[in-house]
Amino acid sequence: MSAALWLGLLSLPLWLASCGQHDQTSATTDHPGSPAASGATNTSGPEPRLDSVYVIRAMAAEPRFKAQERWARKFYRERQGRLGWFRGHELVPQAATLLTVIGKAKDDGLDPKRYDTSKVSKLLADLNKVGQDTARRNQLERQADVALSGTYFAWASDYYRGVANPRDRKDDSWKVKRNKIKLDRALLTILKERESTYPYYDFAPLHPEYANLKKALTLLRARQEAGGWPTLPATTKLAPGATSPTVALLRRRLLGGENTGQSPAAVAAGATPVTNIVAPADVYDPRLVAAVKSFQNDLGLRPTGIVSGTTLAELNVPIQARINQVILNMERWRWLPKKFEPDYLLVNIPEYRLRVFEGGKQALTMRVIVGKTLTATPIFSDKMEYVVLSPYWNVPFSIIDHELRPKLVADPQGTLDRLDMEVVKGYGRKATVIDPTTIDWATLTPETFKYTLRRRPGPKNDLGEVKFIFPNSNDIYLHDTPHNELFSETKRNFSHGCVRVAEPVQLATYLLRNNPNWDQTTIQDTIAERKEKYVTLKEKLPVYLVYLTAWADADGHPHFRDDIYGHDKALAKEYFGE
């Protein structure tokens, strides 16, 4: 908070700084310390009111408030023109809280300069000096009230909706359902004029994951202020037990220079403490190896303990870059719905991880494979409706055009037999098989191809044994794969856009757990028949495909992932102006 603002607040009389909340009747009663008793500002008489014309003009006159005019109009219309931040001519305590929160906006990765409070500070200081001039007092209260509301809406819009909200910028890269927060209602909650299940009244974040990232931001900035972390030489290559001058730098990078000589994991496992033996500073000892493996896990790397290549590159990422990465992902949490449904499925694309939540708690998780950079998995939300056992795979025309056309021209029937494919007309149970030799594959175009080329259920099927459908315009779904070996890779962006799941039968069994006709045995028996079977979920399950490259645990310990699609880079240009 600026020095001017603090001086403005500190100069307020006790009755204004304490912000007592009472009605007009009690406000006119003389008591020790009250304005009437001390000769300070006059608190008698009715409170001033605001009409829509005044609010619109006041918001339009302040460039930083123009975008918030609709919230201000709704807020004062709901109040029938009554002031929001004054009771009986006394400032409510939430005003001081707001200004304190804005003064700490940097802790949320926000820029306090965006919410310049100097005008509010001056208005409050002028109000403190107004004395018995009732007309002047009312004028200043109106101005201060709108200025406080405008300041709140400017801050809350960034804090609860996002600085670079893709919905506001018509950015198609993020199509998760809209955060429908109503800032006028949020302000009413803060002023204790309505109840809400959301923590607006504490100026608090809506998601615990955001709060965890905020802790991580604080810790990273503290490390930065303490000197940051060292850069290891580009030629570094360390294996456990190695001796090198670089070890001291690595120790300072991960342990702050500590050298206790023994892994805490070894002690916890029952090893005899070796408190009197300390490894030489240049020895890559077990404690430091454990720290490197932990770091590798935090970055989604294979925990080998070897420092080279990708591990070395990640260790040398500048601390400011990590700070920015945390801030960008805090921003993304502002875009998400203010509350998830009790039960939902979430795929974090850069983490290559699926999670199912039941009653708000994680019930299931597994590895996934997502789209390549050129066929990126889109970021959106929808609702899952069907589990498909032994699905057909409909071959995209792009694959027909670029991969299969020459073979189909040369030998249509033989090619389809070898690939266990068929051409059909129509869909579902009404689909009828077409003789592939009747099709002119050489001149075929998307417009002239009126059929569907599909692969039959079975071991060669690209969708594996199970498909999970949440109908959407992107034609994206979850599915099994016959290439399970790919799940052992740490970076798993191999698909054409759909999401492949590591344990499809387990996921299907979970999703159908409330259907007595479908247990795991029934599911596996049905798959073995190799006949496509649609099973409708009793309740549609919300599905979120999101893009988060940083998150943290409750202690603020951060985890990072690669910006595989370049969304961080694009957002940084908007958010930081880079």
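This is a predicted model, so every value here is computed, not measured. Note: hydrogens, waters and symmetry copies are ignored here, and every other heavy atom, side chains too, is used. Throughout, residue positions are numbered sequentially from 1 according to the sequence presented.
- With hydrogens and angles left out, the side-chain atoms of R334 and Y210 include a donor and acceptor closer than 3.5 Å.
- Using cut-offs of 30° and 60° for the angle between ring planes, the Y386 and Y534 rings count as perpendicular.
- Put simply, the residue from I190, I102, V101 that forms a side chain to side chain contact (heavy atoms under 4.5 Å, CB included) with Y152 is I190.
- Side-chain contact check for Y544 and N348: no donor-acceptor pair (N or O, by modelled atom type) lies under 3.5 Å.
- A donor-acceptor contact shorter than 3.5 Å links the side chain of R405 to the backbone of W441.
- At a threshold of 4.0 Å, the pair R455-D420 does not count as salt-bridged, since none of the basic side-chain nitrogens sits closer than that to a carboxylate oxygen.
- In the model, N329 has a side-chain atom that pairs as donor or acceptor with a side-chain atom of T549 under 3.5 Å.
- For N472 and Y477, the side-chain atoms include no donor-acceptor pair closer than 3.5 Å.
- Using modelled atom types, one side-chain atom of T365 and one backbone atom of L354 make a donor-acceptor pair closer than 3.5 Å.
- Ring-plane geometry between W551 and H559 is classed as parallel, the angle between the planes falling under 30 degrees on a 0 to 90 degree scale with a further cut at 60.
- Between D382 and K175, none of the side-chain N atoms (NZ, or NE/NH1/NH2) sits under 4.0 Å from a carboxylate O, so this pair counts as no salt bridge.
- H557 contributes no side-chain N or O that, together with a main-chain N or O of D553, makes up a donor-acceptor pair within less than 3.5 Å.
- With 3.5 Å as the limit, one finds a donor-acceptor pair spanning the side chains of T522 and D519.
- Residues L511 and L537 have side chains in contact (heavy-atom distance under 4.5 Å, counting atoms from C-beta outward).
- Between the side chains of Y76 and S149, at least one donor-acceptor pair of N or O atoms lies under 3.5 Å.
- Look at D555 and K215 and you find no salt bridge, because none of the NZ, NE, NH1 or NH2 atoms lies under 4.0 Å from a carboxylate O.
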